[in-house]
Amino acid sequence: MTKGERDDLDSVFRALADASRRELLDRLHERNGQTLNELCARLAMTRQAVSKHLGILEEANLVATAKRGREKFHYLNPVPIHAIAERWIGKYERGRLQALADLKRGLEERDA
Amino acid sequence: MRKPEFVYVTYIATTPEKLWRALTDERISEQFWFGYRVVSDWTVGSSFRLMQGDRIVTDEGVVLECDPPRRLSYTWKPTYEDMRHEAPSRVIFDIEPRNGQVKLTVTHEQFEEGSKVFESIRTGWPAVLSSLKSFLETGRALPPSWTEEHSTIIAAAAAKACL
(Lines give C-alpha, C1' and ligand atoms only; values in the text may rest on other atoms or scores of the structure.)
Protein backbone atom coordinates (compact mmCIF):
# COMPACT_ATOMS: atom_id res chain seq x y z
CA MET A 1 0.00 0.00 0.00
CA THR A 2 1.44 3.38 -1.01
CA LYS A 3 1.51 6.47 1.21
CA GLY A 4 -1.07 8.11 -1.07
CA GLU A 5 -3.47 5.18 -0.61
CA ARG A 6 -2.92 5.27 3.17
CA ASP A 7 -3.68 9.00 3.25
CA ASP A 8 -6.84 8.43 1.18
CA LEU A 9 -8.04 5.73 3.55
CA ASP A 10 -7.29 7.93 6.59
CA SER A 11 -9.33 10.80 5.16
CA VAL A 12 -12.27 8.45 4.41
CA PHE A 13 -12.33 7.06 7.95
CA ARG A 14 -11.92 10.54 9.46
CA ALA A 15 -14.83 11.78 7.36
CA LEU A 16 -17.02 8.81 8.38
CA ALA A 17 -16.16 9.14 12.08
CA ASP A 18 -18.64 12.00 12.54
CA ALA A 19 -22.38 11.41 13.05
CA SER A 20 -23.39 14.67 11.30
CA ARG A 21 -21.42 13.74 8.21
CA ARG A 22 -22.93 10.26 8.17
CA GLU A 23 -26.36 11.90 8.39
CA LEU A 24 -25.52 14.05 5.36
CA LEU A 25 -24.54 10.89 3.44
CA ASP A 26 -27.85 9.27 4.52
CA ARG A 27 -29.77 12.29 3.15
CA LEU A 28 -27.94 11.99 -0.17
CA HIS A 29 -28.53 8.25 -0.24
CA GLU A 30 -32.28 8.96 0.12
CA ARG A 31 -32.20 11.57 -2.62
CA ASN A 32 -29.09 12.16 -4.69
CA GLY A 33 -28.13 15.52 -6.19
CA GLN A 34 -29.17 18.10 -3.55
CA THR A 35 -28.10 21.73 -3.20
CA LEU A 36 -26.70 23.16 0.05
CA ASN A 37 -30.07 24.88 0.66
CA GLU A 38 -32.01 21.63 0.24
CA LEU A 39 -29.69 19.81 2.64
CA CYS A 40 -29.87 22.62 5.23
CA ALA A 41 -33.68 22.72 5.13
CA ARG A 42 -33.96 19.20 6.54
CA LEU A 43 -31.17 19.23 9.14
CA ALA A 44 -30.74 20.76 12.60
CA MET A 45 -27.36 22.23 11.64
CA THR A 46 -26.26 25.72 10.68
CA ARG A 47 -25.54 26.41 7.04
CA GLN A 48 -21.86 26.97 7.92
CA ALA A 49 -21.66 23.56 9.63
CA VAL A 50 -23.31 21.76 6.70
CA SER A 51 -21.00 23.53 4.27
CA LYS A 52 -17.91 22.60 6.32
CA HIS A 53 -18.97 18.94 6.61
CA LEU A 54 -19.67 18.76 2.87
CA GLY A 55 -16.15 20.12 2.25
CA ILE A 56 -14.63 17.33 4.37
CA LEU A 57 -16.79 14.69 2.61
CA GLU A 58 -15.79 16.06 -0.79
CA GLU A 59 -12.12 16.07 0.23
CA ALA A 60 -12.48 12.36 1.13
CA ASN A 61 -14.20 11.76 -2.26
CA LEU A 62 -17.34 10.53 -0.49
CA VAL A 63 -19.31 13.39 -2.06
CA ALA A 64 -19.07 14.43 -5.71
CA THR A 65 -20.47 17.70 -7.02
CA ALA A 66 -21.81 19.01 -10.30
CA LYS A 67 -22.39 22.69 -11.13
CA ARG A 68 -25.20 23.73 -13.45
CA GLY A 69 -25.55 27.48 -13.85
CA ARG A 70 -25.40 28.97 -10.36
CA GLU A 71 -26.49 25.76 -8.63
CA LYS A 72 -24.11 23.21 -7.13
CA PHE A 73 -25.54 19.70 -6.61
CA HIS A 74 -24.09 17.13 -4.20
CA TYR A 75 -23.98 13.39 -4.87
CA LEU A 76 -23.08 10.43 -2.70
CA ASN A 77 -19.94 8.96 -4.30
CA PRO A 78 -19.69 5.27 -3.34
CA VAL A 79 -16.18 4.70 -4.77
CA PRO A 80 -14.12 4.87 -1.50
CA ILE A 81 -16.65 2.72 0.43
CA HIS A 82 -16.59 0.17 -2.36
CA ALA A 83 -12.77 0.14 -2.21
CA ILE A 84 -12.90 -0.54 1.57
CA ALA A 85 -15.33 -3.43 1.05
CA GLU A 86 -13.15 -4.83 -1.73
CA ARG A 87 -10.18 -4.81 0.60
CA TRP A 88 -11.69 -6.90 3.40
CA ILE A 89 -14.55 -8.79 1.80
CA GLY A 90 -13.61 -11.62 -0.54
CA LYS A 91 -15.36 -12.32 -3.79
CA TYR A 92 -16.99 -15.52 -2.52
CA GLU A 93 -17.97 -14.11 0.87
CA ARG A 94 -20.10 -11.41 -0.73
CA GLY A 95 -22.96 -13.68 -1.77
CA ARG A 96 -23.09 -15.29 1.68
CA LEU A 97 -23.02 -11.89 3.43
CA GLN A 98 -25.86 -10.64 1.23
CA ALA A 99 -27.88 -13.78 2.03
CA LEU A 100 -27.28 -13.28 5.78
CA ALA A 101 -28.27 -9.60 5.56
CA ASP A 102 -31.49 -10.56 3.73
CA LEU A 103 -32.22 -13.27 6.30
CA LYS A 104 -31.73 -10.78 9.19
CA ARG A 105 -33.99 -8.21 7.53
CA GLY A 106 -36.63 -10.84 6.74
CA LEU A 107 -36.70 -12.16 10.32
CA GLU A 108 -36.78 -8.68 11.85
CA GLU A 109 -39.63 -7.59 9.59
CA ARG A 110 -41.59 -10.72 10.49
CA ASP A 111 -41.13 -10.08 14.23
CA ALA A 112 -41.97 -6.38 13.99
CA MET B 1 -31.83 24.09 -14.83
CA ARG B 2 -32.10 20.30 -14.61
CA LYS B 3 -29.55 18.54 -12.46
CA PRO B 4 -27.52 15.51 -13.63
CA GLU B 5 -28.88 12.14 -12.48
CA PHE B 6 -25.51 10.38 -12.16
CA VAL B 7 -22.15 11.79 -10.97
CA TYR B 8 -19.23 9.52 -10.16
CA VAL B 9 -15.65 10.45 -9.19
CA THR B 10 -12.61 8.21 -9.14
CA TYR B 11 -8.90 9.00 -8.73
CA ILE B 12 -6.53 7.05 -10.96
CA ALA B 13 -2.71 6.88 -10.67
CA THR B 14 -2.00 7.65 -14.34
CA THR B 15 -1.59 10.64 -16.68
CA PRO B 16 -4.45 12.58 -18.35
CA GLU B 17 -3.08 11.47 -21.76
CA LYS B 18 -3.16 7.75 -20.92
CA LEU B 19 -6.65 8.05 -19.46
CA TRP B 20 -7.80 9.91 -22.59
CA ARG B 21 -6.41 7.17 -24.82
CA ALA B 22 -8.14 4.48 -22.77
CA LEU B 23 -11.48 6.27 -23.17
CA THR B 24 -11.13 6.85 -26.92
CA ASP B 25 -9.08 3.94 -28.35
CA GLU B 26 -11.19 0.98 -29.43
CA ARG B 27 -8.46 -1.60 -28.88
CA ILE B 28 -7.73 -0.33 -25.35
CA SER B 29 -11.40 0.07 -24.41
CA GLU B 30 -12.00 -3.55 -25.41
CA GLN B 31 -9.54 -4.63 -22.71
CA PHE B 32 -11.16 -2.95 -19.69
CA TRP B 33 -14.76 -2.48 -20.95
CA PHE B 34 -15.52 -6.22 -20.79
CA GLY B 35 -14.97 -6.69 -24.53
CA TYR B 36 -16.90 -3.60 -25.69
CA ARG B 37 -15.20 -1.22 -28.12
CA VAL B 38 -15.72 2.56 -28.36
CA VAL B 39 -15.79 3.42 -32.06
CA SER B 40 -15.62 7.03 -33.33
CA ASP B 41 -13.32 9.43 -35.14
CA TRP B 42 -13.92 11.79 -32.15
CA THR B 43 -14.86 14.85 -34.19
CA VAL B 44 -17.73 16.92 -32.82
CA GLY B 45 -20.88 15.86 -34.67
CA SER B 46 -19.46 12.44 -35.67
CA SER B 47 -21.11 9.20 -34.66
CA PHE B 48 -20.17 7.30 -31.50
CA ARG B 49 -20.83 3.57 -31.19
CA LEU B 50 -20.22 1.02 -28.45
CA MET B 51 -19.67 -2.31 -30.20
CA GLN B 52 -19.43 -5.93 -29.23
CA GLY B 53 -17.35 -7.71 -31.85
CA ASP B 54 -17.53 -6.29 -35.38
CA ARG B 55 -21.28 -6.33 -35.93
CA ILE B 56 -23.22 -5.78 -32.72
CA VAL B 57 -23.83 -2.13 -31.82
CA THR B 58 -25.13 -1.89 -28.24
CA ASP B 59 -25.13 1.91 -27.89
CA GLU B 60 -25.00 4.71 -30.39
CA GLY B 61 -24.70 8.46 -30.17
CA VAL B 62 -23.07 11.65 -31.43
CA VAL B 63 -19.83 13.28 -30.21
CA LEU B 64 -20.76 16.56 -28.48
CA GLU B 65 -17.40 17.72 -27.10
CA CYS B 66 -13.84 16.55 -27.66
CA ASP B 67 -11.10 18.51 -25.88
CA PRO B 68 -8.16 16.13 -25.29
CA PRO B 69 -7.09 15.35 -22.62
CA ARG B 70 -9.68 17.27 -20.60
CA ARG B 71 -13.29 16.78 -21.62
CA LEU B 72 -15.16 14.25 -23.71
CA SER B 73 -18.90 14.12 -24.16
CA TYR B 74 -21.29 12.11 -26.31
CA THR B 75 -24.95 11.21 -26.47
CA TRP B 76 -25.95 7.71 -25.38
CA LYS B 77 -28.75 5.64 -26.86
CA PRO B 78 -28.87 1.89 -26.19
CA THR B 79 -30.15 -0.25 -29.04
CA TYR B 80 -31.74 -2.87 -26.76
CA GLU B 81 -35.38 -3.62 -27.57
CA ASP B 82 -36.77 -2.37 -24.23
CA MET B 83 -34.69 0.85 -24.21
CA ARG B 84 -34.45 2.08 -27.77
CA HIS B 85 -37.66 4.13 -27.69
CA GLU B 86 -36.07 6.44 -25.05
CA ALA B 87 -34.56 9.80 -26.09
CA PRO B 88 -30.72 9.85 -26.01
CA SER B 89 -29.07 10.80 -22.72
CA ARG B 90 -25.68 12.52 -22.41
CA VAL B 91 -22.42 11.32 -20.84
CA ILE B 92 -19.51 13.64 -19.95
CA PHE B 93 -15.98 12.67 -18.91
CA ASP B 94 -13.96 15.38 -17.11
CA ILE B 95 -10.26 14.72 -16.57
CA GLU B 96 -8.18 16.85 -14.16
CA PRO B 97 -4.65 16.26 -12.85
CA ARG B 98 -4.74 16.32 -9.02
CA ASN B 99 -1.78 15.70 -6.65
CA GLY B 100 0.09 13.38 -9.00
CA GLN B 101 -3.09 11.44 -9.82
CA VAL B 102 -5.90 12.05 -12.26
CA LYS B 103 -9.43 12.88 -11.14
CA LEU B 104 -12.03 11.41 -13.46
CA THR B 105 -15.60 12.68 -13.11
CA VAL B 106 -18.27 10.86 -15.10
CA THR B 107 -21.58 12.69 -15.37
CA HIS B 108 -24.56 11.07 -17.08
CA GLU B 109 -27.69 13.19 -17.49
CA GLN B 110 -30.89 14.04 -19.35
CA PHE B 111 -32.72 10.77 -18.81
CA GLU B 112 -36.44 10.42 -19.35
CA GLU B 113 -38.69 10.07 -16.29
CA GLY B 114 -38.57 6.43 -15.08
CA SER B 115 -35.79 5.63 -17.57
CA LYS B 116 -34.71 1.99 -17.96
CA VAL B 117 -31.42 3.24 -19.40
CA PHE B 118 -30.71 5.08 -16.12
CA GLU B 119 -31.27 1.86 -14.13
CA SER B 120 -28.80 0.01 -16.36
CA ILE B 121 -26.05 2.67 -16.33
CA ARG B 122 -26.35 3.18 -12.54
CA THR B 123 -24.79 -0.25 -11.94
CA GLY B 124 -22.90 -0.40 -15.26
CA TRP B 125 -20.62 2.64 -14.88
CA PRO B 126 -19.19 1.68 -11.45
CA ALA B 127 -18.16 -1.73 -12.86
CA VAL B 128 -16.61 -0.23 -16.02
CA LEU B 129 -14.79 2.53 -14.12
CA SER B 130 -13.36 0.18 -11.44
CA SER B 131 -12.06 -2.01 -14.24
CA LEU B 132 -10.60 1.06 -16.03
CA LYS B 133 -8.79 2.13 -12.83
CA SER B 134 -7.40 -1.37 -12.26
CA PHE B 135 -6.34 -1.64 -15.91
CA LEU B 136 -4.45 1.69 -15.90
CA GLU B 137 -2.83 1.14 -12.49
CA THR B 138 -1.94 -2.56 -12.67
CA GLY B 139 -2.35 -3.52 -16.34
CA ARG B 140 -5.12 -5.94 -15.37
CA ALA B 141 -8.80 -5.29 -16.02
CA LEU B 142 -11.50 -6.71 -13.71
CA PRO B 143 -14.01 -9.43 -14.61
CA PRO B 144 -17.51 -8.06 -15.30
CA SER B 145 -19.24 -7.66 -11.93
CA TRP B 146 -22.68 -8.61 -13.22
CA THR B 147 -21.83 -12.31 -13.00
CA GLU B 148 -21.10 -11.66 -9.31
CA GLU B 149 -24.34 -9.71 -8.93
CA HIS B 150 -26.15 -12.62 -10.47
CA SER B 151 -24.73 -14.98 -7.84
CA THR B 152 -25.83 -12.51 -5.13
CA ILE B 153 -29.40 -12.58 -6.48
CA ILE B 154 -29.37 -16.41 -6.34
CA ALA B 155 -28.05 -16.36 -2.73
CA ALA B 156 -30.76 -13.85 -1.74
CA ALA B 157 -33.47 -16.00 -3.31
CA ALA B 158 -32.13 -19.00 -1.37
CA ALA B 159 -32.32 -17.01 1.90
CA LYS B 160 -35.94 -16.06 1.19
CA ALA B 161 -36.83 -19.71 0.57
CA CYS B 162 -35.50 -20.58 4.07
CA LEU B 163 -37.99 -18.29 5.82
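None of these values were measured; they are calculated from a predicted model. We use all heavy atoms of the structure for the numbers below, so side chains are in, but hydrogens, waters and symmetry mates are not. Below, chains carry the letters A, B, ... as their sequence lines are ordered, and counting in each starts from 1.
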Exercise. Contact part of B:E5 toward chain A, heavy-atom cut-off under 4.5 Å: side chain, backbone, both or neither?
Worked result: backbone

Exercise. Would you say A:E59 has more than 12 foreign heavy atoms packed within less than 6.0 Å of its CD?
Worked result: no

For this session: Under 4.5 Å, counting heavy-atom pairs only, tell me which of B:T107, B:T105, B:V7 racks up the most with chain A.
Result: B:V7

For this session: Establish whether B:F111 and B:M83 are linked, either directly or via other cluster members, by ILVMFWY side-chain heavy-atom contacts under 4.5 Å.
Result: yes

Exercise. Counting distance only, does the side-chain N/O of B:Y11 pair as donor-acceptor with the main-chain N or O of A:N61 below 3.5 Å?
Worked result: no

Exercise. Which pair of non-hydrogen atoms, one from B:K3 and one from A:G33, has the smallest distance, and what is that distance?
Worked result: NZ-O, 2.7 Å

Problem set entry | Heavy-atom neighbours of B:R27 CZ exceed 12 at 6.0 Å | yes

Exercise. Checking B:L142 against chain A: side chain, backbone, both or neither under 4.5 Å from a heavy atom?
Worked result: neither

Exercise. Do the side chains of B:V62 and B:Y74 join up, straight or via other hydrophobic residues, at under 4.5 Å, putting them in one cluster?
Worked result: no

Exercise. A:P80 versus chain B, heavy atoms under 4.5 Å apart: side chain, backbone, both or neither?
Worked result: neither

Exercise. Considering residues, nucleotides and ligands other than B:D54, do more than 12 of their heavy atoms fall under 6.0 Å from its CG?
Worked result: no

For this session: Answer with side chain, backbone, both or neither: which region of A:T35 has an atom nearer than 4.5 Å to a non-hydrogen atom of chain B?
Result: neither

Seminar exercise, completed: When the 4.5 angstrom heavy-atom criterion is applied to B:P126 and chain A, the contacting part is neither

Problem set entry | Interface residues of residues 7-28 of chain A facing chain B - non-hydrogen atoms under 4.5 Å apart | A:D8

For this session: Mark yes when over 12 heavy atoms from residues, nucleotides or ligands other than B:N99 sit less than 6.0 Å from its CG; otherwise mark no.
Result: no

Problem set entry | same_hphob_cluster(B:L129, A:V79) at 4.5 Å side-chain heavy-atom cutoff | yes

For this session: Find the distance between CZ (B:F6) and OH (A:Y75) and round it off to the nearest 0.5 Å.
Result: 11.0 Å

For this session: Verify the neighbour count for atom NZ of B:K77: are there more than 12 heavy atoms of other residues, nucleotides or ligands below 6.0 Å?
Result: yes

Exercise. For the hydrophobic clusters of this structure (ILVMFWY residues joined by side-chain heavy atoms under 4.5 Å, transitively), does one cluster hold both A:L43 and A:V63?
Worked result: yes

Exercise. Hey, quick one: are A:L57 and A:L39 part of the same hydrophobic cluster, counting side-chain heavy atoms closer than 4.5 Å, chains of contacts allowed?
Worked result: yes

